[in-house]
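Reminder, nothing fancy here: chain letters follow the sequence lines and each chain counts from 1.
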Number of protein chains: 2
Amino acid sequence: MARRPRRKAEETRQDILSMAEMLFRERGYVAVSIADIAGALNMSPANVFKHFRSKVALVDAIAGRHLDNATERFLPLDQDMPAKEQLLRFVLRLLEGHLQDIQKSPYIFEMVLSTIEAKLEAGNRYRTRIEEKLGEIIRKGMAEGRYHCRDPEHAAHTVADVLSCVLHPVLIVRDDKETLVHRAGEIVGFVDAALQNSAC
Amino acid sequence: MARRPRRKAEETRQDILSMAEMLFRERGYVAVSIADIAGALNMSPANVFKHFRSKVALVDAIAGRHLDNATERFLPLDQDMPAKEQLLRFVLRLLEGHLQDIQKSPYIFEMVLSTIEAKLEAGNRYRTRIEEKLGEIIRKGMAEGRYHCRDPEHAAHTVADVLSCVLHPVLIVRDDKETLVHRAGEIVGFVDAALQNSAC
């Protein structure tokens, strides 16, 4: 028997992901098993398992498909804006994106909760992109003479941690948008104050 | 029939809480129902319901019993220590406490996840105590001439948000203690830098 072409494997992979997303959306992440996904595709569970070794691997791929494409959050910022404004604009873009994810796709939140103890590759890639953007903004602030970091990459890493309270799904799900936008402003002001200090 | 004395009601309440904690510890938070707790106490579910209107109310009371007693985390700090040192000491005390909670009582983490969208009174009280302690430390730093906040209570609120990344159970459960202690040091350095800025 001829070897199946790679194209086919990639198509199967994408079919599994789309069906998993659809079922998660309909019935919730916890309620849907690998066997349900296989059944809905007229596949054997073993075939799904060949592509995704666990439900966590499936979540990682779905999250990746979504987050790797969230390019509008990382579009260039207006370079005429001062660094502090850029920072606020970027944080509000991310916050808006996260709130929409939670609202439009409640299963995403359930997925986040269920895999909270796993380190998802998709999450790491997303975090890296956030840190890169923060690094750009910090270097811009240094060029302006406003920020005085010794190590902008290191500062970007700490700022990404600090921003958890307005960006992490679990920490924003309880609050309304107005509260979160206000909090984002406070946190950005705080970050801006810290970055002006050369001890930072 | 004579009215049951208040003492009895409070005893029943405590019995329910202790049994709930025991069952949660044994079988996990999600697996145990109000009916299970009632059964184990030879009570009717309606009787349990009279004391706790929902599983969330039960979680709130258990969390309260635990957190309201976590007094060692809030003991006075050595007043000879500079404010930055006090801040680090306090954050490490809280981090240590939270890691122990997660490790010794895994059902607590499951409880946190299951009630993530609810605002628990016990959580609010705990957060208020943290903010009060942070306010004390910030005022101490102002007295030292190191910090220059316009409004120490407001700053304490923002700092409590910022500290989520080293204190919130969901944000610490993935990392080992060494990583977290390192992160706590970084975040405290960042907070200390921000508080030195009068814009803060």
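Ranked by heavy-atom pairs under 4.5 Å with chain B, the list V170(A), L113(A), I187(A) is led by V170(A). Taking L163(B), D161(B), V173(B), V159(B) one by one and counting their heavy-atom pairs under 4.5 Å with chain A, the maximum is reached by D161(B). Put simply, of S198(B), A199(B), A155(B), A118(B), the one with the most heavy-atom pairs under 4.5 Å next to chain A is A118(B).
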Go through the steps for H154(B) and F190(A) under the test ring pair (Phe, Tyr, Trp, His ring centres under 6.0 Å), then give the verdict. CA-CA 11 Å; H154(B) 185 255; F190(A) 194 84; 9.9 Å; no
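Counting non-hydrogen atoms of other residues, nucleotides and ligands closer than 6.0 Å to CD of Q103(A) gives a total of 12 or fewer.
For a residue to count as touching a neighbouring chain, one of its non-hydrogen atoms must lie under 4.5 Å from one of that chain's; by this rule V162(B) touches chain A with backbone and side chain alike. Contact of V166(B) with chain A is not made at all, since no heavy-atom distance falls under 4.5 Å. Proximity to chain A (any heavy atom under 4.5 Å) is restricted, for L171(B), to the side chain, taken from C-beta onward.
Here the side chains of V48(A) and T12(A) are not in contact, with every heavy-atom distance at 4.5 Å or above. Using a 4.5 Å cut-off on side-chain heavy atoms (C-beta onward), R127(A) and H157(A) make contact.
The pair D78(A)-R89(A) fails the salt-bridge criterion, with no side-chain N (NZ, NE, NH1 or NH2) lying under 4.0 Å from an Asp/Glu carboxylate O.
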